[in-house]
Amino acid sequence: MRLGLCCKFVDEPIRFRTATVTSLARLSQRDARQKLSQLCLTNASSLARALHYCAEQGIGAFRINSQILPAKTHPATCYRVKELPDGKEIIDQFEECGRFARDRDIRTLFHPDQFILLSSADDRITRRSIEELDYHAEVAEWTGADVINIHGGGAYGNKQEALERVRRNLKRLSTAVKTRLTFENDDRVYTPADLLPLCRDAGIPFVYDVHHHRCLPDGLSIDDTTQQALATWNREPVFHVSSPKAGWRGPNPSRHHDYIQPRDIPVSWLDLDVTVEIEAKAKEHALRRLTAWLARRR
DNA sequence: AGCGGTCAAGTTGAT
DNA sequence: ATCAACTTGACCGCT
């Protein structure tokens, strides 16, 4: 298993910055561009430091925050990186991150937020989502990220019709997006059983989140789902794991714990060549604790 | 420096 | 009807 750290650090002094659209809109166009340029440059350099940290700590994957280029596609602020004051330097730094990640075999991934939907019947939402996916793909090309992972979205009262819209919308995606797109089961609407057929038919890899599956079961066993998920991948598969904040019998088990309880990792995963993204609030500490547990187990 | 209100976006389900 | 949750709480204006 290759363990992956998600987006941020708790104690390690590596921070990603952003700005609100309203605060940017108050500035002159010029000042806004200047501020965005600085934020993007800072974030590119933070990404480099994050990847160096992963290399030192033996962490094999890093999920890149979707706000790495703040307010990138918002109508009030949207910009092209090339046209920012430090555009060239920003792109250079991201490309350097890509070279470093490749050299040190650190996989980079994206998980765009909940507003990115291919299942909506509202074409404005779909168009916005595609724009946002294109933005992720642009940064993915610089950094070498090979996964842009999203959920199925809403059911809108009819899951099968919603999935049919997803299927149709896939045809509208650019190659840069399509070659990286993956679908993940969520904890409210779309189970592995819902998504696996679509993934198989459309040639889209399935990211198996076992925590979500435990929160929203579908009759498939974990081992069966694991096998079916593996079969959808044409490269190293990606899985997600987390532990419930207050235990499986506590309130709202979908909330994430600070750490991963080793027993929440399916035994069948332990010897697989897969990337397991660790969704735990204690971030780098959770990775360290889990890595130590895995080493002891050998 | 520290505080509380706010932040672009969609959908769901708990309250 | 409101609100928290979601991959991630951070930003911003005020004191």
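Note on naming: letters A, B, ... go to the chains in the order of the sequence lines (proteins, then strands), and numbering restarts at 1 for each one. Everything numeric in this text was worked out from a predicted model, so none of it was measured.
- Summarising the geometry, the separation between CZ on A:F110 and C1' on C:dT8 is reported as 14 Å, rounded to the nearest angstrom.
- In this entry the distance linking NZ of A:K283 with P of C:dT7 reads 10 Å, nearest Å.
- Using a 4.0 Å heavy-atom cutoff across all strands shown, A:H151 reaches sugar-phosphate atoms only and no base atom.
- For the pair A:R63 CZ and C:dT7 P, the interatomic distance rounds to 8 Å; values are reported in whole Å.
- Computed from coordinates, the A:D187 CG to C:dT7 C1' distance equals 12 Å when rounded to whole Å.
- Classified by interplanar angle (parallel below 30°, tilted 30° to 60°, perpendicular above 60°), the ring pair A:Y208/A:F239 is perpendicular.
- The ring-ring contact (aromatic ring centres under 6.0 Å, His included) contacts involving residues 17-53 of chain A comprise A:F9-A:Y53, A:H52-A:F100, where partners must be two or more places apart or lie in separate chains.
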Donor-acceptor pairs under 3.5 Å, side chain of residues 189-200 of chain A to any protein atom, not counting sequence neighbours: which ones?
unit_1	atom_1	unit_2	atom_2	d
A:Y190	OH	A:G154	O	2.8
A:T191	OG1	A:A193	N	3.3
A:T191	OG1	A:D194	N	3.2
A:T191	OG1	A:D194	OD2	3.1
A:T191	OG1	A:D218	OD2	3.4
A:D194	OD2	A:K159	NZ	2.9
A:D194	OD2	A:T191	N	2.9
A:R200	NH1	A:Q228	OE1	2.8

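- Residues near A:W248 contribute nothing to a hydrophobic cluster around it, because no ILVMFWY side-chain heavy atom sits closer than 4.5 Å to its side chain.
- Hydrophobic cluster membership for A:Y156: A:L117, A:I125 (Ile, Leu, Val, Met, Phe, Trp, Tyr linked by side-chain heavy atoms under 4.5 Å, directly or transitively).
- Look at the C1' atom in both B:dC7 and C:dC3: the space between them is 15 Å, to the nearest Å.
- Heavy atoms of A:R15 sit nowhere under 4.0 angstrom from any nucleic acid atom.
- Applying the salt bridge (charged side-chain N to carboxylate O under 4.0 Å, His left out) rule to pairs touching residues 35-53 of chain A yields nothing, sequence neighbours excluded.
- Following rounding to the nearest Å, A:F16 (CZ) and C:dC11 (P) show an atom-to-atom distance of 12 Å.
- Considering CZ of A:R33 and CD of A:Q38, their distance stands at 14.5 Å, rounded to 0.5 Å.
- Among residues at least two apart or in separate chains, salt bridge (charged side-chain N to carboxylate O under 4.0 Å, His left out) pairs with a member in residues 91-102 of chain A are A:K88-A:D92, A:E96-A:R99.
- Every stem involving DNA chain B, taken as at least 3 paired positions in a row under the Watson-Crick or G-U wobble test at 3.5 Å, is listed here: B:1-7 with C:9-15, B:10-15 with C:1-6.
- As rounded to the nearest Å, B:dG10 and C:dC11 have P atoms that lie 23 Å from one another.
- A heavy-atom distance below 4.0 Å to DNA chain B is reached by none of the residues of residues 25-48 of chain A.
- Legend: salt bridge (charged side-chain N to carboxylate O under 4.0 Å, His left out) pairs involving residues 221-230 of chain A, not counting sequence neighbours: none detected.
- Through chains of ILVMFWY side-chain contacts below 4.5 Å, A:L109 is grouped with A:V147, A:V207, A:W233, A:V238.
- Distance check on atom P: C:dA5 versus C:dA10 gives 15 Å, rounded to whole Å.
- Rounded to whole Å, the P atom of B:dC3 lies 30 Å from the corresponding atom of C:dT7.
- Nucleic acid contact class of A:K281 (heavy atoms, under 4.0 Å, all strands): sugar-phosphate only.
- Across all strands, A:H212 comes closer than 4.0 Å only to sugar-phosphate atoms, never to a base (heavy-atom distances).
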Sugar-phosphate atoms are those with a prime plus P, OP1 and OP2; base atoms are the rest. Using that split, label each nucleotide of nucleotides 8-15 of chain B B, S or - for protein heavy atoms under 4.0 Å, 5' to 3'. BBBSBS--
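- Nucleotides B:dG5 and C:dT8 place their P atoms 25 Å apart, quoted to the nearest Å.
- Phosphate proximity of C:dT8 to A:H256: present, with a side-chain N or O under 4.0 Å from OP1 or OP2.
- Residue A:D103 places its CG atom among more than 12 non-hydrogen atoms of other residues, nucleotides or ligands, all under 6.0 Å distant.
- Legend: salt bridge (charged side-chain N to carboxylate O under 4.0 Å, His left out) pairs involving residues 174-185 of chain A, not counting sequence neighbours, sorted by first then second residue: A:E141-A:R180.
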